[in-house]
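Every chain is numbered from 1 and lettered A, B, ... according to where its sequence line falls, protein lines coming before strand lines.
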2 protein chains.
Amino acid sequence: MTSAAAHRRLATEAWESLLRSQVAVMRELHKEPIFKKVGSREYDVLFNLSRCPTGWLRLNELNDNVLLTQPSISRLVERLEARGLVQRRTPDDDRRGVLIGLTEAGAALQKEVGRAHVRNIMNLMEEGLSDAEMQTLLELTGKLREAVAGRAAAPADEAATPATSAT
Amino acid sequence: MTSAAAHRRLATEAWESLLRSQVAVMRELHKEPIFKKVGSREYDVLFNLSRCPTGWLRLNELNDNVLLTQPSISRLVERLEARGLVQRRTPDDDRRGVLIGLTEAGAALQKEVGRAHVRNIMNLMEEGLSDAEMQTLLELTGKLREAVAGRAAAPADEAATPATSAT
DNA sequence: GTATATTAGATGCAAACGTATATATCTCGA
DNA sequence: TCGAGATATATACGTTTGCATCTAATATAC
């Protein structure tokens, strides 16, 4: 029965391909000169803030979307604040927490960088994929992401793992 | 004509989703305790070396697959060498370069980490996607990666960009 | 065949990162 | 309501990263 091995192979190859394509695209996107104004992770924070409905995100919410540890996000936000791009606010209902929001300068910078960034993304994506393929890619990666996100709540992994520490 | 806007939106959403799913999976994979022995980037180097046909890779070839700058890879390899996991060799035909290869200890460690890693990848991937979907994902990300790779040779971007510096 | 440009890696240094831990606030049971 | 544990963020400190630059070797032009 080779199907188990074939299955494993498929899963790892698909992940490997996803990872490498992300690296390749990221490299290319990072050449954009505008990223000398803000690093790409810093832009990522500005972007996330620009997208959220209320305009304010908790530090740990930012942390979900950016591949950094909590202390690193903490200091990244600190730097952005020092540059006047974001502002902090203490939420009324939980005074442990911090809410982060864009300043006007931050919003303006995000838009400026965003325009160039989006143009580059579009050029790259359409060079390799048709609209239908992009749609499929969007759906598949969405499913994958949701499955992984759902896992955080219910580990469902190795039996008897009562307390798994999270990043 | 909203189709141009819709097209741009699709491209950016697809990329966004690809990026976030990569972050989510990476986070989850990184919880694997075995990554306390080797960082995930270091494992990535060992992995790439284990895969290549000749067993030796140039430093700049490693750099293509790992999202780090050239000096960082250089020092990452330096650390791996100090730990006895890889070895260096000067190629006969180009004495500027360096060839990197696994030592026996490096190959053994790669296999050990690889086993756990592959198991985790499989669990994650199959939680969200069917085999057919993984196959499609593999193909789409492959196409994307190839398109981006092809671009390095022929920029084909903004007209009149005679000399674009590479990372 | 020598000068010039290009390419492959290495190194100095400041900035950014991760691990471990501290602090402040909240939550929940006795 | 009071204390134990959990949660959200901050800080300390050693390590790793990126940028700029340097050196060595190869390619190219003249």
Side-chain angles (χ1 to χ4, degrees), chain A residues 23 26-27 29-33 35-45 56-64 66-83 86-101 152-153 162-167, chain B residues 23 26-27 29-33 35-45 56-64 66-83 86-101 152-153 162-167:
Chain A
V23 169
M26 210 62 172
R27 265 264 166 64
L29 289 177
H30 201 257
K31 290 179 186 170
E32 169 60 55
F35 280 120
K36 292 195 172 174
K37 288 195 182 181
V38 274
S40 51
R41 294 184 236 249
E42 299 178 350
Y43 171 71
D44 205 1
V45 167
W56 298 88
L57 283 176
R58 295 283 291 252
L59 219 46
N60 58 17
E61 293 176 307
L62 281 172
N63 205 1
D64 289 337
V66 183
L67 195 52
L68 283 173
T69 60
Q70 174 270 313
S72 297
I73 294 265
S74 188
R75 272 181 290 214
L76 175 49
V77 166
E78 192 172 272
R79 270 174 267 143
L80 290 174
E81 188 185 22
R83 288 174 61 182
V86 304
Q87 51 195 154
R88 288 160 185 263
R89 197 161 71 85
T90 300
D92 302 322
D93 57 327
D94 184 352
R95 287 187 314 185
R96 293 170 297 184
V98 188
L99 286 168
I100 317 294
T164 306
S165 77
T167 307
Chain B
V23 169
M26 212 58 173
R27 265 263 164 65
L29 289 176
H30 201 256
K31 290 178 185 169
E32 168 60 54
F35 280 121
K36 292 194 171 173
K37 289 194 182 182
V38 274
S40 52
R41 293 185 236 248
E42 298 178 348
Y43 170 72
D44 205 1
V45 167
W56 298 88
L57 283 177
R58 293 285 290 253
L59 218 46
N60 59 17
E61 292 176 306
L62 281 173
N63 205 1
D64 289 337
V66 183
L67 197 49
L68 284 173
T69 59
Q70 174 270 314
S72 297
I73 294 265
S74 187
R75 272 185 282 227
L76 175 48
V77 166
E78 192 172 88
R79 272 174 265 144
L80 291 174
E81 188 185 23
R83 289 174 61 182
V86 305
Q87 52 194 155
R88 298 161 107 97
R89 199 162 70 84
T90 300
D92 302 323
D93 57 327
D94 184 352
R95 286 187 313 184
R96 291 171 299 185
V98 188
L99 286 168
I100 317 293
T164 305
S165 76
T167 306

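Between Phe35(A) atom CZ and dG18(D) atom P the separation is 15 Å, expressed in whole Å. In this structure, Leu68(B) atom CG and dC19(D) atom C1' are separated by 14 Å, rounded to whole Å. Remark: P of dA25(D) and CG of Asp92(B) are 15 Å apart, rounded to the nearest angstrom. Remark: P of dT7(D) and CG of Leu59(A) are 17 Å apart, rounded to the nearest angstrom. At whole-Å resolution of the value, CZ in Arg89(A) and P in dA8(D) are 18 Å apart. One can place CG of Asp94(B) at 10 Å from P of dA25(D), the figure rounded to the nearest angstrom. One interatomic measurement links the two molecules: CG of Asp93(B) to P of dT26(D), which rounds to 9 Å at whole-angstrom precision. If you take CG of Leu76(A) and P of dC17(C), they are 6 Å apart, rounded to a whole angstrom.
Under 4.0 angstrom from either OP1 or OP2 of dA10(D) there lies at least one side-chain N or O belonging to Ser74(A). Between dT7(D) and Asn60(A), no contact under 4.0 Å exists linking OP1 or OP2 to a side-chain N or O. Here Thr69(A) reaches the OP1 or OP2 of dG18(C): one of its side-chain N or O atoms lies under 4.0 Å away. Checking the phosphate oxygens (OP1, OP2) of dA10(D), a side-chain nitrogen or oxygen of Arg88(A) falls inside 4.0 Å.
Comparing Pro71(A) and Leu67(B) by the nucleotide of DNA chain D that holds the closest heavy atom to each, the one mapping nearer the 5' end is Pro71(A). Taking the nucleotide of DNA chain D with the nearest heavy atom to each of Val98(A) and Arg41(A), the more 5' of the two is matched to Val98(A).
When all heavy atoms of Arg88(A) and Val77(A) are compared, the pair lying nearest together is NH2-CG1, 3.9 Å. Closest non-hydrogen pair, Ser72(B) versus Arg79(B), comes out as O-NH2, 4.4 Å.
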Could you go through the side-chain contact (heavy atoms from CB on, under 4.5 Å) check for Arg89(B) and Val98(B) one step at a time? CA-CA 6 Å; Arg89(B) 199 162 70 84; Val98(B) 188; over 6 Å; no
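Looking at Arg96(B), its side chain comes within 3.5 Å of the base of dT7(C) through a donor and an acceptor atom. In this model, a side-chain donor or acceptor of Gln70(B) finds a partner on the base of dA10(C) within 3.5 Å. With hydrogens and angles left out, the side chain of Arg75(B) and the base of dG18(D) share a donor-acceptor pair within 3.5 Å. Under 3.5 Å, the side chain of Arg58(B) and the base of dG9(C) form no donor-acceptor pair of N or O atoms.
If you check every strand for non-hydrogen atoms under 4.0 Å, Arg79(A) touches sugar and phosphate atoms only.
Other residues, nucleotides and ligands contribute at most 12 non-hydrogen atoms within 6.0 Å of the CZ atom of Arg95(A).
Below 30°, between 30° and 60°, or above 60°: for Tyr43(A) and Phe35(A) the angle between ring planes is above 60°, a perpendicular geometry.
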